[in-house]
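All remarks here apply to the structure that follows.
A note on names: the letters A, B, ... follow the listed sequences, proteins ahead of strands, and every chain is numbered from 1. Below, each value reflects all heavy atoms present in this structure, side chains not excepted, and no hydrogens, waters or symmetry copies.
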Amino acid sequence: MTVRRRSQLNHLKYLTSTAQSCFDASFKNTRLTEASQFYSSLVQQCLHTRSLLDVGIVQTHMIKFGYIHLHIGNKLIDASLKCGSISYARKLFDELPNRHIVMWNSMISSYISHKKSKEGIGLYERMVLDGVYPDEYTFSCVFKAFSNLGLINEGRRAHGLSVVLGLEVSNVFVGSALVDMYAKFGRMKDARLVSNRVVDKDVVLFTALIVGYSQQGDNGEALEVFGSMINQGIKANAYTFASILITCGNLEDLTNGKLVHGLVIKSGYEPAVASQTSLLTMYARCGLIDDSLRIFKRFPNPNHVTWTSLIVGLVRNGREELALKKFRKMICKSIVPNSFTLSSALQACSNLAMIDEGRQIHAMVTKFGLDRDVYAGAALVNLYGKCGSTEMARSVFDALIDIDVVSMNSMIYSYAQNGFGHEALELFNSMKELGLEPNEVTILSVLLACNNSGLVHEGCQIFATITNNQTIELTRDHYACMVDLLGRSGRLEEAEALVKQVRNPDVVLWRTLLSACKLHGEVEMAERAVNKVLELAPGDEGSHILLTNVYASTGNWSQVIGIKSTMRDLKFKKNPAMSWVDVDREVHTFMAGDLSHRRSREINETLEKLIEKVKLLGYVPDTRFVLQDLDEELKKRSLYYHSEKLAISFALLVSSNKNTIIRIFKNLRVCGDCHSWIKFVTKVSSREIIARDAKRFHHFKDGLCSCGDYW
DNA sequence: CTAGGGTTAG
C-alpha cells in the first residue's frame, strides 16, 4: 500500500516537471469532487511519508489548478503539522479564507506543545477578535500557555470567557487544565474552587490537584486529596502514583511511602518508568539510599531523568563520590545530561570542593549550551565560591542573563565565604534596582559576609532593618550570625542580650557566645554560657573544649586540668584536627605530627627549611595557641607539626609550578600561629595559598590574607 | 482532523 502511494507521489512529481499540459487537460475534464478525492488521497500519502516537500508539491498543484478549498486546505494544514512544520502550516492557515474551528485548535495546540506559548496565545486572542468562539478543545490547551508565560491576568480573563461559554466545569478536560494553571500560579484556593465545581471528576483532575499541593509545599493536603480520590472509587494510574510518591518523599513519610509502594504493585503500575523513578526518589528522600540503588539496578534502560534522580539522591545522602561515579558512567553511556543533571553533579563537586572535577563539568555545561541556564549557573557560582575562586564565580554570574534570587544568593554567599564583605554588600544593595526581593538566604549570606569581614556597623544596620520590617522571618541561624558578629567585635553584652531574645535559644547560639567569650577571655559569661549549653545538651563535647580554651588562654591551668579529667570520665575524644590537599585527584590527609605519609621524611625536611626561612623574615611562633601546659620550647615544637603546616609543605614539595595555587582544607578553624606562618610562606615561596577551614576561605598572597586577620 | 495530569534542581 505504502509503496503504491509513494509511487503515486513520484508520478505527481514527474507530471510537475514534464507533462503539465497533459495533466492540466485531463484534469479540467474531471468533476470537482473527483479532484477533491484525488487530492485527499495525495494528502493522505503526505501523512505517510511525513515529508514537507510532498505537502509543498501537492499544494502547488492545488493552487495552480484552482482546487484549493476549505476541506482540502484543512487537510493540508493537518499534514504540515504532522510533518513537523508549524511555520508552513501557519502560512497555509493564513492564506485560507474560511478557517474551521478544528484548524484554529490544531494550530494553537501545536504552538503550545512546541513551547511556543506566545504564538499560541496570539492566535487564541485573534480567534476571539475574529468572532470565532473557542470550544472545549481550545480551552483545554490554552491555559497551559498562560501558566508557561506566567500571565496570570490573561489566564484569568480566558477563564472568565470559558465560564461565559459554559465550558468551565461541564468538560473535565477544561476543568483539569484550569486546575493545573492555577496550581502553577501557586493559587491553590482557586484551583480547589474550580475542581470542586467540575461535574464529572476523573483521575487527571485529581492528579493535577495533588501535584499542585505537593509543589506548593502543602504535602499534607496532597495526601488528603489522594485519600479522598481513592474513597470516591477513582483509580490511581501511573501519573498519580508518581506524584503521590514524591509527596511522601517530601514529607519523608516512609510509612505512607511504603503503603503507596504496595498499592503501586497491586495496581500493576510497578513497571511504569515514572512509578519507578518516583519510588527511587521517595526512598532516597527517606534516607534509604540503598533501596534507591536497588531500584535503579532494575531499570533495563535508565533515561536521563532516572540517572539524575539517582545522582540527586546520592548527593542528598552524603554519597557525593558515588554520585560523581554514576554521573561519569551516565556520560559514558552517551546519555545527554540536562541542566538538572549538571547542577546536581556540580553540587557533589561543591560539597567535596573538587575544583578539577568541577571545571570539567563546567566544560560540559558550556558544551551543552547551558552557560546561561539559571540552575546550572547558580550551581557553578556555588562551586567556584566553595572552592575559593571568587573571580570565576563572578564571571559565571556576570554571564547569566536572568539573575534570580537564588543565583544572587549564591554569589553573595561566595563573597561571604571568601571574605569579600564590600562586594557582597554592593550586590545586596543592587538587588532593589534589579527588582529582586531578598529572602531568608539572602539575609543570612549578607550577614555572614559582614561577619567574615568585620563589617559590624553594616551588619547591625541590615539586621535592624529586617527586624523592623518583619517581612522576612529570622531564624536561629540569623541570630547566631549576629551573636558571632557582635561577640567577636567585643560587644559581648549585646551579643548575650540577643541570645536571650531568641524564643528557644539552641546549643549553637550559646556555643557561639561561648567562643566569643574565649576570644576576649571573658570568664564569667563563658561559665554562664557553658551552663546553658549543658542544660540543653548534657555532656556536650564542644563546649567543654571551649571552656578549656577560655581557662587556658587566661592561664588558669588548674581549671583546665579539672575539665579535662571530667571529659576523660565522660569518655570524650576531641575531634582531631585534620588537613588535606588534593594533588592530581588524590587526596592526601595529615594530622598534627603525622608521620604516616609515604614521603614523610621529605615533607619534614621541606617544613624545617621553610621554618628557618620564615624566621629570617620575622616569623615568631605564637605559643598562645598551644592548650597544653608545656614548657616554651616544647610548645614551639608542637606548633611546627600542625596539620596545615604539613599539608602545605607537602603541596610545595610536589608542585614546582609557581603559578599553581595551593589549595588546602582543614576540618577545624585554622589556628592563629599557622595563619601567620602561612602569610610568611607566601612571601618566601612566592606562591598563592588558599585555605578553606571549617568556617571560611583564607586567600594568602604576598604575605597577606584576604580575611584581614579577622576570622 | 483538534484536548487535560507525572518522575530530575539551587
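The separation between A/N317 atom CG and B/dT8 atom P is 15 Å, rounded to whole Å. Counting to the nearest Å, the P atom of B/dC1 and the CG atom of A/L81 are 15 Å from each other. At whole-Å resolution of the value, CD1 in A/I311 and C1' in B/dG10 are 16 Å apart. In this structure, A/F173 places its CZ atom 12 Å from P of B/dT2, rounding to the nearest Å. Going from atom OH of A/Y375 over to atom C1' of B/dA9 covers 6 Å, rounded to whole Å. In this structure, A/L245 places its CG atom 11 Å from P of B/dT8, rounding to the nearest Å. Taking atom CG of A/N351 as the reference point, atom C1' of B/dA9 lies 14 Å away to the nearest angstrom. Protein atom OH of A/Y124 is 16 Å distant from nucleotide atom C1' of B/dT2, rounded to whole Å.
The side chain of A/A242 has B/dT7 as its nearest neighbour among B/dC1, B/dA9, B/dT7. Side-chain atoms of A/V312 lie closest to B/dT8 of the nucleotides B/dA3, B/dT8, B/dT7. Minimum atom distance to the side chain of A/H100 is reached by B/dC1, of the listed B/dC1, B/dG10, B/dT7. Counting only heavy atoms from C-beta on, A/S278 has its side chain closest to B/dT7 among B/dC1, B/dT7, B/dT8. Listed nucleotides: B/dA3, B/dG4, B/dT7. Nearest to the side chain of A/S176: B/dG4. Distances from the side chain of A/S343 to the nucleotides B/dA3, B/dA9, B/dG10 place B/dA9 closest. Minimum atom distance to the side chain of A/V102 is reached by B/dT2, of the listed B/dT7, B/dT2, B/dT8. Here B/dA3 is the nucleotide among B/dT8, B/dT2, B/dA3 with the atom lying nearest to any side-chain atom of A/C141. Nearest to the side-chain atoms of A/N382 among the listed nucleotides B/dG10, B/dT8, B/dA9 stands B/dG10.
Contact record, A/L342 with A/M364: CD2-CB, 4.1 Å, taken as the closest heavy-atom pair.
When heavy atoms are screened at a 4.0 angstrom cut-off, A/V441 is found touching no nucleic acid atom at all. At a threshold of 4.0 angstrom between heavy atoms, the contacts of A/V172 include nucleobase atoms, whether or not backbone atoms are also involved. Using a 4.0 Å heavy-atom criterion, one finds that A/T306 contacts no nucleic acid atom at all. A/S410 comes within 4.0 angstrom of no nucleic acid atom, judged by non-hydrogen atoms across all strands. Residue contacts shown for A/V406 include a base, since a base heavy atom lies under 4.0 Å away. Across all strands, A/V374 comes closer than 4.0 Å to base atoms (heavy-atom distances). Within 4.0 Å (heavy atoms only), A/S275 reaches no atom of the nucleic acid at all. Looking at heavy-atom distances under 4.0 Å, A/M103 makes contact with a base.
Within 6.0 Å of CD on A/E473 lie no more than 12 heavy atoms contributed by other residues, nucleotides or ligands.
Applying the 3.5 Å distance criterion, the base of B/dG4 shares a donor-acceptor pair with the side chain of A/D202. With hydrogens and angles left out, the side chain of A/S140 and the base of B/dG4 share no donor-acceptor pair within 3.5 Å. For A/D404 against B/dG10, a side-chain-to-base donor-acceptor contact under 3.5 Å is present.
By the 30° and 60° cut-offs, the orientation of the rings of A/F241 relative to A/Y269 is tilted.
Contact annotation: A/Q347 side-chain N/O to B/dG10 OP1/OP2 distance is under 4.0 Å. Phosphate contact (OP1/OP2 of B/dT8, side-chain N/O of A/Q215, threshold under 4.0 Å): absent.
No side-chain heavy atom of A/V312 sits less than 4.5 Å from a side-chain heavy atom of A/F340.
The pair A/D190-A/R156 counts as a salt bridge, with a side-chain nitrogen and a carboxylate oxygen less than 4.0 angstrom apart. Salt bridge A/E119/A/R90: absent, no basic N to carboxylate O contact under 4.0 Å. At a threshold of 4.0 Å, the pair A/D290-A/R294 does not count as salt-bridged, since none of the basic side-chain nitrogens sits closer than that to a carboxylate oxygen.
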